[in-house]
Every structure is written in C-alpha cells, then in structure tokens.
Amino acid sequence: MRYWLMKSEPADVSIDDLAALPNQTVPWYGVRNYQARNFMRDGMQVGDGVLFYHSGCAEPGIAGIARVASTAYPDATQFDPASCYFDAKATPESPRWLHVDVQFVRKTRLVGLPELRSQPELENMRVLARGNRLSITPVEPAEWRFIVGQLLGATDLVN
DNA sequence: GCCAACGTTGGC
DNA sequence: GCCAACGTTGGC
C-alpha cells in the first residue's frame, strides 16, 4: 500500500464533483507528463491512498481523501481529435498515456498550502519542494499518517 | 548528445 | 498578469 498526492483543478474536477460522479469515480485523464504517467503505470495499486489536492485556484490545498480504484489503462482523450488532450502521436495499438481510476473516499476540511508549509513534519514533502510542478507525487507513510491522522483527525483512514 | 527556444504549471 | 522552475522540442 502506497500513498499519493494528486492535483486537480477544481474548475475541472473538484472533490465535490468527484463525490457526485457515478460510482464516485473518475478516470484521471489529461496527464501529459512522463513522470506522472510512470507513477500511475508503475507505482500505483488498487487501494492506494490519495490526497486529493486542489490546484490553480484561490485556495490551493488538500480538499479530501480518495483511493486508487484501478490499475493503469489507456487515457481515451489522447485518441480524440476534439479533446484538448489529443495526442497525434498516440494510437490505440501504441498508446502513450495511461491513467488510473480514482474513487472518492471523504471530503475533508481544506488544508491549505501555507498550513502544509508550516509543519516541520512535512518539510521534505515532495509536493512542497521548490519548483515542483508534478501533478502526481508520492507521499511518505509518515507524511500520510501526519496529515490524515494529526491534521485531519481521520484516524480510521491512517492505515 | 548538446543546448537554446519555447511551452506549461501553478503560486502569488 | 507576472515569473520561477522545469519539461519538451528540434536544429545542429
């Protein structure tokens, strides 16, 4: 069991949007960065914990908890010429972009960036590193325990 | 393989 | 809208 932080722009898919979807599940479409893709393809397993993070908005921060709900499979938007995520170099025979399904677990209070940065326990957290732009980053078990257990008080979700 | 130019992310 | 940081592209 591993843990991840996944960024989503709430104008696109917010934690409330995720909760309202069928099966409360969304294919994590639109990732066009190889490192982030590789985390989904090579690192993720069904049941992994996800910190659902709102980015590109007025109050960036952790907005909820989710879980990985599938292994990686091709992102359909890469084949769709009408999609802004279309990739002319990708074919169904040789897909370039893979993603997992992400399922809602719980909406939480918003733990904003300044609060995250103020915690000595999180000083090495990957998403907080200078210049980080990755939309998917691994979360250390100790970081997960601190955020979910201490900051959010969701002790039932710590393990 | 190098590297300059360009594009994107994302906080502020 | 600005800008730092970093990834990708493409000429050589």
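By convention in this document, chain letters (A, B, ...) are assigned in the order of the sequence lines, proteins followed by strands, and residues within each chain are numbered from 1.
- Residues meeting the salt bridge (Lys or Arg N to Asp or Glu O under 4.0 Å) test with A:Arg133, sequence neighbours left out: none.
- With a 6.0 Å radius and a threshold of 12 heavy atoms from other residues, nucleotides or ligands, A:Gln45 has its CD atom at or below the threshold.
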Go along nucleotides 7-12 of chain B 5' to 3' and tag each nucleotide: B for a protein heavy atom under 4.0 Å from its base, S when only backbone or sugar atoms are that close, - otherwise. BBBSSS
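- A side-chain contact (heavy atoms from CB on, under 4.5 Å) with A:Met125 is found for one member of A:Thr137, A:Asn132, A:Ile147 and no other, namely A:Ile147.
- Ring geometry for A:Trp144 against A:Tyr3 counts as parallel: the plane angle stays under 30°, on a 0 to 90° scale with 60° as the upper cut.
- In this structure, A:Tyr34 has its ring center under 6.0 Å from that of A:Trp97.
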